[in-house]
Amino acid sequence: QVQLVESGGGLVQAGGSLRLSCAGSGIIFRIYDMAWYRQAPGKQRELVAVITTRGGTNYADSVKGRFSISRDNAKNTVALQMNNLKPEDTAVYFCNALGGSNWGRGTQVTVSS
């Protein structure tokens with residue numbers, strides 16, 4: 001059974017930073033492209049960042065230059081470093097294999113202005 005556990009969220013002022021982490025069980029991260037998604041209140045879940053099995057990265061335009069995704073295959077974890085946070089980054093953040101259907105509870109990120 002796949003379990004994804006996101007952590008590291010919190011309340012931060014605009015301009016601040018947070019580092020999110022995702023740990024998985026029942027899934028071997030190294031064989032998947034991994035991704036971070038977010039869902040703001042009243043909005044659909046959106047793709048934020050992707051890291052391929054080879055370490056290549058892609059980002060949504062809204063976070064490019066501010067967020068950085070990384071992976072540690074030995075620990076079966078994926079991280080998202082978020083800098084220069086903006087109020088519009090407020091959302092619940094989830095990790096998953098790209099295209100995966102098993103979702104964790106996510107971690108809440110709230111950015112105050």
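Every heavy atom of this structure was used, including side-chain atoms; hydrogens, water molecules and symmetry mates were not.
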Checklist entry - Are Arg45 and Phe94 in a cation-pi setup, meaning NZ or CZ lies under 6.0 angstrom from the ring centre and within 45 degrees of the ring axis? => result yes

Checklist outcome for this item: Note: with side-chain heavy atoms under 4.5 Å as the link, the other cluster members for Val5 come out as none

Next on the checklist: Looking at every heavy atom in both Ala14 and Pro87, which two are closest together, and how far apart are they?
Outcome noted: CB-CD, 4.2 Å

Checklist entry - Does Val48 belong to the same Ile/Leu/Val/Met/Phe/Trp/Tyr cluster as Val50, with side-chain heavy atoms less than 4.5 Å apart forming each link? => result no

Checklist entry - Nearest heavy-atom pair of Phe67 and Tyr59: which atoms, and what distance? => result O-CE2, 3.3 Å

Checklist outcome for this item: Sorted by chain and number, sequence neighbours left out, side-chain contact (heavy atoms from CB on, under 4.5 Å) with Ser7 holds for Ser21

Next on the checklist: Suppose we screen for side-chain hydrogen bond (donor to acceptor under 3.5 Å, both in side chains). Which residues come up paired with Thr110, at least two apart in sequence or across chains?
Outcome noted: Gln108

Checklist entry - Linking I/L/V/M/F/W/Y whenever their side-chain heavy atoms sit closer than 4.5 Å, directly or via other members, would Leu85 and Ile69 fall into one cluster? => result yes

Checklist entry - Sub-3.5 Å donor-acceptor pair from the side chain of Asn76 to the main-chain atoms of Phe29, do we have one? => result yes

Checklist entry - Nearest heavy-atom pair of Lys43 and Gln39: which atoms, and what distance? => result O-NE2, 3.1 Å

Next on the checklist: Can you list everything that forms a side-chain contact (heavy atoms from CB on, under 4.5 Å) with Thr52? Sequence neighbours excluded, please.
Outcome noted: Asp33, Arg54

Checklist entry - What distance separates Leu80 CG from Glu6 CD, expressed to the nearest 0.5 Å? => result 11.5 Å

Table please: side-chain donor-acceptor pairs of residues 96-107 below 3.5 Å, with sequence neighbours left out.
residue	atom	partner	partner atom	Å
Asn96	ND2	Gly100	O	3.3
Asn96	ND2	Asn102	O	2.9
Thr107	OG1	Gly9	N	3.0

Checklist entry - So which pairs with a foot in residues 41-76 pass disulfide (SG to SG under 2.5 Å), sequence neighbours left out? => result none

Item to check | Cluster link Tyr37 to Val63, ILVMFWY, side chain under 4.5 Å | outcome: no

Item to check | Between OH on residue Tyr32 and CD1 on residue Ile27, distance to nearest 0.5 Å | outcome: 5.5 Å

Next on the checklist: Under the disulfide (SG to SG under 2.5 Å) definition, can you give me all pairs with a residue in residues 67-113, not counting sequence neighbours?
Outcome noted: Cys22-Cys95

Checklist entry - Looking at residues at least two apart in the chain, or sitting in another chain, which of them share a salt bridge (charged side-chain N to carboxylate O under 4.0 Å, His left out) with Asp89? => result Arg38, Arg66

Item to check | Pairwise distance OG(Ser113) to NZ(Lys86) - rounded to 0.5 angstrom | outcome: 13.5 Å

Next on the checklist: Quick test of your reading: applying disulfide (SG to SG under 2.5 Å), list the pairs with at least one residue in residues 60-91, sequence neighbours left out, ordered by first then second residue.
Outcome noted: none

Next on the checklist: Tell me every residue that passes salt bridge (charged side-chain N to carboxylate O under 4.0 Å, His left out) with Lys64, counting only those two or more places apart in sequence or in another chain.
Outcome noted: Asp61

Next on the checklist: If you compare all heavy atoms of Leu47 against all heavy atoms of Ala60, which two are closest, and at what distance to 0.1 Å?
Outcome noted: O-CB, 3.6 Å

Checklist entry - Does Tyr93 share a hydrophobic cluster with Leu11, counting links as ILVMFWY side-chain heavy atoms below 4.5 Å and allowing steps through other members? => result no

Next on the checklist: Hydrophobic cluster membership, with links at side-chain heavy-atom distances under 4.5 Å among I/L/V/M/F/W/Y: are Val92 and Val78 in one?
Outcome noted: no

Item to check | Partners passing side-chain contact (heavy atoms from CB on, under 4.5 Å) against Ala79 (at least two apart in sequence or in another chain) | outcome: Arg19, Ser70

Item to check | Results of side-chain hydrogen bond (donor to acceptor under 3.5 Å, both in side chains) for Asn83 - residues two or more places apart only | outcome: Ser17, Gln81

